[in-house]
Amino acid sequence: MAKTRAPRRTLESYSVKPINKTIRAGDCVLMRPSDPSKPSYVARIERIESDSRGANVKVHVRWYYRPEESIGGRRQFHGSKEVFLSDHYDVQSADTIEGKCTVHTFKSYTKLDAVGNDDFFCRFEYNSSTGAFNPDRVAVYCKCEMPYNPDDLMVQCEGCSDWFHPACIEMTAEEAKRLDHFYCENCSTEGQKKLQISHAPSRHADAKVDTKRRRR
């Protein structure tokens, strides 16, 4: 007579002893990659289950892909901490969990005062079979018409309120940080840039420059 498969039970939570953290469905975690030279995998826990004795704990996960893992690869506007929520589901041993992390919405990530090693953000869902993204369009900025990369410094035009990369308006990052006022070519009354660079040691409050976040 064939042995019947022992039933598994769903756990509301599970304590991962090596990292001294408790995980639950909905948590985001870092998981050990098969190749130790690669960064940790990022996943969202969908369900936790064990055998009838509470052992052999498995986690059902939905993977986040890093830009370099997608079909199109990493592009200029992808942030260093950006991940895509994929349609790739999997079952892994709970022993492969290396830590917990937070995957922020794009909006909440841009408001962080400091970005930690365990902070990520997601603004796209990703179809791992077709390489398609949802949404398939996002707002673009600057003369280069690129989506916003929160790692990059940008300066805002006081006329049209568009944001520009310093390199795209022929200035250095240090010059951009010293701006008093900025008007893009289209908004300048003379058809040229109005750049008033402050030589004071501190930047004036009315200069709208978005700088790269501090890492902690």
Side-chain angles (χ1 to χ4, degrees), residues 28 39 42 44 64-86 101-127 131-216:
C28 292
V42 183
R44 188 176 74 188
Y64 284 96
Y65 279 37
R66 298 176 189 269
E68 55 269 26
E69 296 168 336
S70 66
I71 292 175
R74 178 173 288 278
R75 299 182 62 186
Q76 181 181 343
F77 65 87
H78 290 142
S80 61
K81 305 303 292 289
E82 184 161 9
V83 291
F84 313 138
L85 182 61
S86 79
C101 63
T102 302
V103 179
H104 303 268
T105 65
F106 181 66
K107 185 176 182 179
S108 64
Y109 180 86
T110 59
K111 293 181 178 180
L112 293 177
D113 291 328
V115 175
N117 292 332
D118 300 332
D119 287 312
F120 299 87
F121 74 90
C122 177
R123 56 178 157 181
F124 297 108
E125 290 191 10
Y126 175 69
N127 186 308
F133 290 91
N134 181 34
D136 60 356
R137 295 174 184 269
V138 292
V140 296
Y141 303 92
C142 190
K143 296 163 66 174
C144 62
E145 295 188 341
M146 295 290 287
Y148 178 47
N149 181 341
D151 295 337
D152 292 344
L153 180 143
M154 299 187 80
V155 58
Q156 188 177 34
C157 172
E158 295 180 34
C160 63
S161 297
D162 197 2
W163 290 85
F164 295 84
H165 301 107
C168 294
I169 51 176
E170 300 179 355
M171 71 172 64
T172 67
E174 290 305 313
E175 288 174 334
K177 292 176 182 178
R178 295 199 303 267
L179 282 176
D180 243 350
H181 302 278
F182 169 68
Y183 292 89
C184 69
E185 290 180 349
N186 292 335
C187 295
S188 173
T189 56
E190 301 296 329
Q192 297 180 356
K193 301 172 203 171
K194 282 186 178 178
L195 303 179
Q196 298 177 12
I197 300 178
S198 172
H199 297 287
S202 61
R203 199 183 76 224
H204 288 259
D206 55 357
K208 296 183 179 178
V209 179
D210 185 30
T211 59
K212 186 174 181 178
R213 251 160 228 89
R214 292 179 290 110
R215 302 287 172 139
R216 63 171 182 236

Can you list everything that forms a salt bridge (Lys or Arg N to Asp or Glu O under 4.0 Å) with [X]? Sequence neighbours excluded, please.
{"X": "Glu174", "result": "Lys177"}
{"X": "Arg66", "result": "none"}
{"X": "Arg75", "result": "none"}

Heavy-atom check, side chain of Asp119 versus side chain of Cys101, under 4.5 Å: no

Please state whether the rings of [X] and [Y] are parallel, tilted or perpendicular, taking 30° and 60° as the class boundaries.
{"X": "Tyr148", "Y": "Tyr141", "value": "perpendicular"}
{"X": "Tyr126", "Y": "Tyr65", "value": "tilted"}
{"X": "Phe182", "Y": "Phe164", "value": "perpendicular"}

Intermediate values then yes/no, side chain to side chain contact (heavy atoms under 4.5 Å, CB included), Thr105 and Arg123: CA-CA 6 Å; Thr105 65; Arg123 56 178 157 181; over 6 Å; no

So, for [X] and [Y], which heavy atoms are closest and what is the spacing to 0.1 Å?
{"X": "Cys122", "Y": "Val103", "result": "CB-CG1, 3.7 Å"}
{"X": "Cys160", "Y": "Cys187", "result": "N-SG, 3.4 Å"}
{"X": "Ala176", "Y": "Leu153", "result": "CB-CD2, 3.8 Å"}

Contacts of His78 that satisfy ring pair (Phe, Tyr, Trp, His ring centres under 6.0 Å) - sequence neighbours left out: Phe84

Those residues that, when tested against Phe77, pass ring pair (Phe, Tyr, Trp, His ring centres under 6.0 Å) (two or more places apart): none

Could you give the distance from [atom1] ([X]) to [atom2] ([Y]), rounded to the nearest 0.5 Å?
{"X": "Asp151", "Y": "Lys81", "atom1": "CG", "atom2": "NZ", "answer": "9.0 Å"}
{"X": "Cys28", "Y": "Asp118", "atom1": "SG", "atom2": "CG", "answer": "11.5 Å"}
{"X": "Tyr64", "Y": "Phe121", "atom1": "OH", "atom2": "CZ", "answer": "12.5 Å"}
{"X": "Asn127", "Y": "Ser70", "atom1": "CG", "atom2": "OG", "answer": "12.0 Å"}
{"X": "Thr102", "Y": "Phe120", "atom1": "OG1", "atom2": "CZ", "answer": "9.5 Å"}
{"X": "Met154", "Y": "His165", "atom1": "CE", "atom2": "NE2", "answer": "3.5 Å"}

Gln156 side-chain N/O to Ser161 backbone N/O, donor-acceptor pair under 3.5 Å: yes

Side chain Asp136, main chain Phe133, donor-acceptor under 3.5 Å: no

Partners meeting side chain to side chain donor-acceptor pair (under 3.5 Å) with Glu125 (sequence neighbours left out): none

Criterion side chain to side chain contact (heavy atoms under 4.5 Å, CB included) on Asn149 and Gln76, from CA distance to verdict: CA-CA 8 Å; Asn149 181 341; Gln76 181 181 343; 6.0 Å; no

